[in-house]
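So the structure is just underneath, and the comments pick up after that.
Small disclaimer: the values here were computed from a predicted structure and weren't measured. Nothing fancy with the numbering, it's 1 onward along the sequence.
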Amino acid sequence: MSRAPVWRAVVACAVIATAFILAFTLSPRLGLDLRGGTQLVFETRDSPTAKADSEATDRALDVLRRRADALGVVDPTLVRSGERRIIVELPGVLDPRQAAEVIGRTAQLAFHPVRGAAGPAEQGDTVLPDESGTRLRLGPVAVSGDAVTDAAARSDPQQGPGWFVTVDFRDAGAWQRLTGAAACEAPGDPKRRVAIVLDREIISSPQVDPSVACRAGMPGGSTRITGSFTQQEADELAVLIKGGALPVPLTLVEQRTVGPTLGEQAIEASAKAGVAGLALTTLFIVVVYRVVGLLAAVALAAYGLISYAALLALGATLTLPGLAGFVLAIGMAVDANVLVFERAREEYGRRPGRGLRAALDRGFRHAWSAIADSGITTLVAAGLLFWLASGPVRGFGVTLAIGVLASLVSAMLITRVLVHLAAGRLSPRLCGLGRAGWVRTWVVRRGPDLMARGRLWLGLAGVLTAAAVAGLVLHGLNVGVEFTGGRLVEFAASRPVGGEAARQVVSGAGHPQAVVQVSGEAITVRTGQISADEVAGLERALDAGLGEVTKRRDELIGPSLGEELRRNAFVALGVALGAQLVYLAVRFRWTFGAAAVLALVVDAAAVVGAFAWLGKPVDGVFLAAMLTVIGYSINDKVVVFDRVRELWSAQRDRPFAEVVNGAILQTVPRTVNTGMGALFILVALAVFGGDSLRDFAIALVIGIVAGTASSAFVAGPLAVELERRGDRPPPEPARPRRAPARDGSGAVV
C-alpha cells in the first residue's frame with residue numbers, strides 16, 4: 001500500500017497546526033486605511049550643494065525618524081521606497097498640516113553674525129528681514145545646525161507667560177566666539193545681535209546681553225530662542241532643531257489621511273463580506289458536491305487560517321484592498337476544488353469499476369496542470385500590482401499572491417487528505433461524485449455545436465468592443481486623482497444632504513471647478529492641487545452651510561506622482577498581456593496564446609467600456625480589478641485549452657473545430673460552478689464593501705461574465721481560425737509512464 005496518503009495527512013496536520021499557532025500568537029499589522037492616521041510620501045530633490053541619491057535619502061530618513069519620535073507619535077513607520085522616496089506613516093495623526101509641516105520641513109538652521117542694517121535697495125543672500133521686518137545684513141554662518149546637541153520648549157512664569165526654546169551646542173567655543181564678537185558692539189547697535197535663521201527666515205535675532213564682556217562671550221554652550229511663541233510653536237521649533245537639518249530638500253508628492261471611524265467601518269464591512277461570501281460559497285458547493293463539497297468547505301476554512309497566518313508571519317500590512325484580495329482568493333480556492341471534483345466525476349463516469357479513490361487520484365493528477373497554470377498567471381498579475389501600484393493597492397497584490405499559494409495548499413493537500421478518507425467509507429452517490437451533475441447532464445443531452453457559428457460569435461465580440469470604444473470616445477474615463485494628481489477629500493455629514501446644495505457650498509468656498517459627489521451622508525470633493533489650509537477652509541464652509549461635517553478621508557497626489565502612476569498602470573496592463581501571451585505560447589501553442597490574449601482584449605474592453613458608460617472612477621483599485629480580471633480570464637482559457645490539447649492529442653484525425661467544441665462542452669461544468677462561487681464572493685463585497693470595493697466588485701463581475709463567455713465564443717473560434725492558417729501538426733499523445741522495475745516478486749513473508 002502506498003504511504004503517500006499518510007505523508008500527505010502528516011504534512012497537512014503540520015501546516016494547519018503551524019498556521020493555528022501563528023494566528024493566535026502574532027498580532028495583525030493594520031494599514032492606516034483601517035486604523036486611521038496619515039501617510040506622507042516625500043521625494044528628495046537635488047540642491048545646489050548636494051545630490052539627492054540613495055545615501056542622501058537615507059540620511060534624510062534618519063532625520064525624519066528623529067522628528068517623528070520627537071512628535072510623540074505611537075508606532076510610526078518610516079521606510080525608503082526606491083532611491084529618492086520616503087514613506088512616513090503616522091497612526092492617529094489626523095491633521096496633515098501639522099504632520100507635513102513639521103516632518104518634511106527642510107530645517108536648515110544656522111547662526112549668523114549681524115553686519116548691520118541693510119539699505120532699502122540692498123539685495124542678496126545675506127539680507128533677510130528680522131522678526132519686526134527690519135532688513136539685516138548677515139555675515140557668514142558661524143554655527144550650523146549640525147552643532148546642536150539638544151533643544152527643548154520651555155516656559156518661565158517668573159519672566160512672563162511666553163514660551164521659548166533652549167538650544168545646547170556641541171562646540172561651546174564656537175558659540176562663545178560668536179557672542180564675544182557681537183558683545184564688542186555698543187548696546188542697541190544691530191551689530192550686537194545674533195541672527196538665528198531657519199530655512200532662510202530669521203526666527204529670532206536677540207541682542208547679546210550688556211553684561212557679556214567683549215571677546216569673552218557667553219560660556220556654557222547654550223542659549224535660548226525667544227519670539228512670542230505659543231506652546232505648539234515652541235514644541236515644533238524644538239523638534240525641528242533637535243531633529244537636525246535635512247541634507248536635501250523634500251517635496252510632498254502624496255498624502256493620505258483616513259479617520260478611525262472609516263477604518264472601523266471598513267474592517268466591519270470586509271468581515272461581513274467574508275462571512276457572507278464564505279457561507280454562500282459553502283452552501284453552493286455542498287449542494288453541488290454533497291459530502292466532498294462539505295469537506296472542501298472545511299479545507300476553505302483551513303485556507304483562510306493559512307492565508308491569515310502567512311500574512312502575520314511575513315509582517316505584511318493589511319489594507320482595505322488587501323482585505324478584498326483576501327476575500328476574493330476564496331474564489332480561487334473554490335476554483336481548484338471544482339477543477340478536481342469535475343475531473344473526478346469524468347473519470348468515475350468512464351470507469352466506475354475502478355472505484356472512487358482511483359477516480360479522485362486521477363482527478364487530482366489531471367487537474368494539476370490547469371491549476372498550476374491558473375496560479376502562475378494570477379501570480380503574474382499580483383506581482384505587477386506589487387511592483388507598479390502605489391499605496392494600499394500594493395497590499396491587494398500581496399494578499400492575492402498569498403491567497404493563490406494558500407489555495408494550492410488547501411485544494412491539493414488538505415482537500416485531498418479529507419476526500420481520500422471519505423472516499424473509502426461512503427458511497428459514490430453520497431460523496432457527490434457518483435453522478436455527472438445537472439450542468440454536465442444538460443450539456444451532454446443537448447450537445448450544441450458552438451463552433452458551427454464561430455464567425456457569428458466573433459462578429460458579436462467585435463460589436464461589443466466597438467460599443468466600448470464608443471463609450472470611451474463619447475464619455476471618456478472618469479480618471480481618479482491617483483492618476484491625474486490633485487486632492488480628494490471625503491466628508492461625513494450629520495444628516496443626508498443634496499448634491500446641488502453641496503456643490504454650491506464648495507463653489508462658494510472658492511472651488512468652482514471641483515467635482516462634488518454626494519451619496520447619502522457622504523460628500524466627496526475632488527479638486528486640483530490645493531493646500532491643507534484650503535481643505536480646512538472647505539471643511540469650515542461645509543460645516544457652516546450643511547450642518548456638522550467630519551473629514552473622513554484626505555488624499556493628495558502630486559502631479560509628478562500622478563503621471564508616474566498613470567504610466568505604471570499602462571505598463572502593468574501591457575506587461576500583463578505580454579506575459580500571458582508568452583506564457584501561453586510556451587505552455588501550449590502560439591495559436592492558443594494569441595487566441596487567449598485577443599479574447600482577453602475583448603474582456604478588458606467590456607470592463608473599461610462599462611466604466612466609461614457608467615462614469616465610474618478609474619483609479620488604483622480599478623487597476624487591481626483589471627489585473628484580477630486578466631488573471632481570472634486567462635485561468636478560464638487555460639482550462640479550456642488544456643482540455644483541447646488533451647483531446648486533440650488523443651484524437652489527431654478528428655477535425656479541430658470538433659475538438660474545440662468538445663473541450664468547451666466538457667469544461668462547462670467547471671466554468672459554471674467556479675463562476676458561481678466567485679460571484680457569491682463578489683456580490684457580498686458589492687453589498688457590504690463600501691463605495692470603493694463596490695466599484696471593484698462591479699468591475700470583477702463584468703470581467704468574470706465577459707471572461708467566461710469569451711472562452712467559449714471568442715477564444716475557441718479564434719483558435720479554430722488561426723489553426724486553419726497554420727501548418728503545425730496536432731500535439732503528440734502523452735507517453736504512458738512506466739513503473740520502475742523491481743527486484744523479486746514483491747511478496748512479503
For the student: nearest non-hydrogen atoms of [X] and [Y], plus distance:
{"X": "Ala12", "Y": "Ile414", "answer": "CB-CG1, 4.2 Å"}
{"X": "Ala596", "Y": "Phe641", "answer": "CB-CE1, 4.1 Å"}
{"X": "Ile285", "Y": "Ala297", "answer": "CD1-N, 3.9 Å"}
{"X": "Pro669", "Y": "Glu342", "answer": "CB-OE1, 3.3 Å"}
{"X": "Val607", "Y": "Ala699", "answer": "CG2-O, 3.9 Å"}
{"X": "Lys616", "Y": "Asn478", "answer": "O-CB, 3.5 Å"}

Tell me if a side-chain donor or acceptor on [X] pairs with a main-chain N or O of [Y] at a distance below 3.5 Å.
{"X": "Arg495", "Y": "Leu546", "result": "yes"}
{"X": "Trp457", "Y": "Ala712", "result": "no"}
{"X": "Ser710", "Y": "Gly707", "result": "yes"}
{"X": "Thr415", "Y": "Ser410", "result": "yes"}
{"X": "Arg552", "Y": "Phe491", "result": "no"}

Would Arg487 and Gln255 count as a side-chain contact (heavy atoms from CB on, under 4.5 Å) here? Give the steps. CA-CA 9 Å; Arg487 198 153 199 149; Gln255 173 238 305; 2.6 Å; yes
If I take atom [atom1] from residue [X] and atom [atom2] from residue [Y], how far apart are they, to the nearest 0.5 angstrom?
{"X": "Cys431", "Y": "Arg345", "atom1": "SG", "atom2": "CZ", "result": "11.5 Å"}
{"X": "Leu305", "Y": "Leu300", "atom1": "CG", "atom2": "CG", "result": "12.5 Å"}
{"X": "Ile664", "Y": "Leu450", "atom1": "CD1", "atom2": "CG", "result": "6.0 Å"}
{"X": "Leu464", "Y": "Asp603", "atom1": "CG", "atom2": "CG", "result": "9.0 Å"}
{"X": "Leu679", "Y": "Phe284", "atom1": "CG", "atom2": "CZ", "result": "9.5 Å"}
{"X": "Gln39", "Y": "Leu556", "atom1": "CD", "atom2": "CG", "result": "12.0 Å"}

According to the interplanar angle, ranging from 0 to 90°, do the rings of Phe611 and Phe622 count as parallel (below 30°), tilted (30 to 60°) or perpendicular (above 60°)? tilted
Could you check whether any side-chain heavy atom of [X] comes within less than 4.5 Å of a side-chain heavy atom of [Y], counting everything from C-beta outward?
{"X": "Val602", "Y": "Leu598", "result": "no"}
{"X": "Pro617", "Y": "Asp695", "result": "yes"}
{"X": "Phe364", "Y": "Val419", "result": "yes"}
{"X": "Leu314", "Y": "Ile402", "result": "yes"}
{"X": "Leu433", "Y": "Phe341", "result": "yes"}
{"X": "Val340", "Y": "Ile371", "result": "yes"}
{"X": "Leu360", "Y": "Val292", "result": "no"}
{"X": "Val481", "Y": "Glu555", "result": "no"}

Is there a side-chain contact (heavy atoms from CB on, under 4.5 Å) between Leu700 and Val629 once you walk through the steps? CA-CA 6 Å; Leu700 282 181; Val629 166; 3.6 Å; yes
Please lay out, stage by stage, how Met626 and Val608 fare under the test side-chain contact (heavy atoms from CB on, under 4.5 Å). CA-CA 9 Å; Met626 282 299 302; Val608 174; 4.2 Å; yes
Residue Glu548 excluded, over 12 heavy atoms near CD under 6.0 Å: no
Candidate pair Leu22 and Tyr308, rule side-chain contact (heavy atoms from CB on, under 4.5 Å), full reasoning: CA-CA 9 Å; Leu22 291 174; Tyr308 181 65; over 6 Å; no
